[in-house]
Amino acid sequence: MLDLHWLNTFVTLARLQHFGQTAAELHMTQPNVSLHLKRLEEATRTRLIERNPFRLTQAGERLLVSAQRALSELQLCQSDLNALGDLAQGTITIAASDIISRLLLIRPFQRFKQAYPGLDLALFNTTSDRAAEQVRSGRADLGFVLAQRPSDTLHFTALREVGWCALGEGMEGEEKRLILLGHDTRTRALLDPALPTLGRYRVMEVGSVDAQLDWAEAGFGVAIVPDFALLRRRDEGVPVQRLGEFPTTHLGYIVRQNQILSRGIKALLGWVEEEIASRMPAL
């Protein structure tokens with residue numbers, strides 16, 4: 001029988017490819033990492049890694065596939081068991097982009113902490129694509145995303161339709177300077193097909209929606225952002241233009257297909273819906 005602790009150590013070691021880093025991440029000593037690997041190799045009666053340089057053997061690669069699947073399934077099972085038990089203690093993990101979390105989740109999180117003082121909320125600040133992967137793997141219980149792609153493993157519930165706005169000076173120029181997020185974000189995948197409707201343009205890429213707004217308010221170009229991002233505006237003198245020709249999308253949340261939702265998660269979702277209804281109807 002293969003010990004789950006050995007398998008978890010092996011999966012972490014395969015990802016980090018470093019005994020010291022594996023020990024640090026798992027809060028173990030480095031000799032214990034080596035011991036777990038030794039026990040696993042003894043149980044499987046085969047060599048799983050080569051050390052110099054580090055690489056998995058063919059047997060190690062095969063075991064890694066099954067170990068990852070088994071650990072992921074156990075994590076999903078534990079999440080559902082926690083939900084069924086409505087634990088008074090534990091952690092609920094949320095995955096969301098920085099702009100969604102800071103504009104729409106802070107007050108619902110505060111209400112959650114008042115109602116469920118024994119439960120902790122953990123937040124992954126990430127992109128919509130990565131949030132989906134966090135939920136799919138069970139590392140997050142709930143994700144808030146833009147325009148969830150069709151998935152056999154995830155269920156998306158739309159909370160609000162989202163349009164696009166141009167913030168800043170320069171929309172009337174012959175060549176517009178656009179301040180956009182990078183191509184590794186879902187926002188660009190949604191926006192890029194519509195950009196030619198603006199005519200000639202150059203692009204300045206930044207790393208966050210906050211940076212888009214800051215640079216646009218400072219006069220460096222036009223930020224194209226989802227309408228709810230304007231909740232964070234500081235300089236009301238900067239012009240805003242709605243981009244009605246751009247296709248709309250939806251802001252919503254994702255959970256795993258057939259995931260059991262705890263009473264706490266259901267309450268949190270209700271408070272998020274109230275927050276969206278109270279803050280966004282005028283946008």
**Request:** Please identify each residue that fulfils ring-ring contact (aromatic ring centres under 6.0 Å, His included) with F220, with sequence neighbours left out.
**Result:**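 Result, ring-ring contact (aromatic ring centres under 6.0 Å, His included) vs F220: W215.
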**Prompt:** With sequence neighbours left out, what residues match W271 under ring-ring contact (aromatic ring centres under 6.0 Å, His included)?
**Reply:**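 With neighbours one apart ignored, the set is empty.
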Taking atom [atom1] of [X] and atom [atom2] of [Y], what is their separation to the nearest 0.5 Å?
{"X": "T12", "Y": "Q17", "atom1": "OG1", "atom2": "CD", "result": "12.5 Å"}
{"X": "D3", "Y": "F10", "atom1": "CG", "atom2": "CZ", "result": "14.5 Å"}
{"X": "L35", "Y": "T29", "atom1": "CG", "atom2": "OG1", "result": "8.5 Å"}
{"X": "D227", "Y": "R242", "atom1": "CG", "atom2": "CZ", "result": "5.5 Å"}

**Side-chain donor-acceptor pair present, E205, H183, cut-off under 3.5 Å** =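 The criterion, which ignores hydrogens and geometry beyond distance, is satisfied for H183 and E205.
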[X] side chain near [Y] side chain, heavy-atom distance below 4.5 Å:
{"X": "V65", "Y": "R69", "result": "yes"}
{"X": "Q212", "Y": "L181", "result": "yes"}
{"X": "L37", "Y": "R51", "result": "yes"}
{"X": "L230", "Y": "C165", "result": "yes"}
{"X": "H36", "Y": "R39", "result": "no"}
{"X": "L251", "Y": "L104", "result": "yes"}

Under the salt bridge (Lys or Arg N to Asp or Glu O under 4.0 Å) test, which residues partner [X], sequence neighbours left out?
{"X": "E41", "result": "none"}
{"X": "R200", "result": "E175"}
{"X": "E274", "result": "R111"}
{"X": "R186", "result": "D129"}

Residues forming a side-chain contact (heavy atoms from CB on, under 4.5 Å) with [X], sequence neighbours excluded:
{"X": "E273", "result": "L159"}
{"X": "Q114", "result": "none"}
{"X": "T248", "result": "E161"}
{"X": "A43", "result": "L2, W6"}

Contact summary for [X] and [Y], nearest pair of heavy atoms:
{"X": "L103", "Y": "A229", "value": "CD1-CA, 3.8 Å"}
{"X": "A147", "Y": "T249", "value": "CB-OG1, 2.9 Å"}
{"X": "R139", "Y": "T93", "value": "O-CG2, 3.4 Å"}

[X] side chain vs [Y] backbone, donor-acceptor pair below 3.5 Å:
{"X": "T57", "Y": "L48", "answer": "yes"}
{"X": "S101", "Y": "D98", "answer": "yes"}
{"X": "R130", "Y": "A95", "answer": "no"}
{"X": "Q259", "Y": "H155", "answer": "no"}
{"X": "S128", "Y": "L146", "answer": "yes"}

**Request:** Report the residue from L142, D141, L119, L105 that forms a side-chain contact (heavy atoms from CB on, under 4.5 Å) with L268.
**Result:**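 Running side-chain contact (heavy atoms from CB on, under 4.5 Å) over L142, D141, L119, L105 with L268 returns exactly one hit, L142.
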**Prompt:** With respect to I94, which candidate in Y253, F144, F124 satisfies the side-chain contact (heavy atoms from CB on, under 4.5 Å) definition?
**Reply:**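 Among Y253, F144, F124, the one meeting side-chain contact (heavy atoms from CB on, under 4.5 Å) with I94 is F144.
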Residues, nucleotides or ligands: over 12 heavy atoms within 6.0 Å of [X] [atom1]:
{"X": "E174", "atom1": "CD", "value": "no"}
{"X": "E172", "atom1": "CD", "value": "no"}
{"X": "K38", "atom1": "NZ", "value": "no"}

**Asked** Can R136 and E133 be counted as an ion pair, charged N to O under 4.0 angstrom?
**Response**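 Counted as a salt bridge, because a side-chain N and a carboxylate O are separated by less than 4.0 Å.
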**Item:** For M171, the rest of its hydrophobic cluster, which grows through side-chain links under 4.5 angstrom
**Value:**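 Via sub-4.5 Å side-chain contacts, M171 links to W164, L178, L180, L190, L191, L195, L198, Y201, V203, V222, I224, L243, F246.
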Pairs under 3.5 angstrom only: tabulate donor-acceptor contacts from the side chains of residues 19-26 to other protein residues two or more places apart or in another chain.
from	atom 1	to	atom 2	distance (Å)
T22	OG1	H18	O	2.7
E25	OE2	R15	NH2	2.3

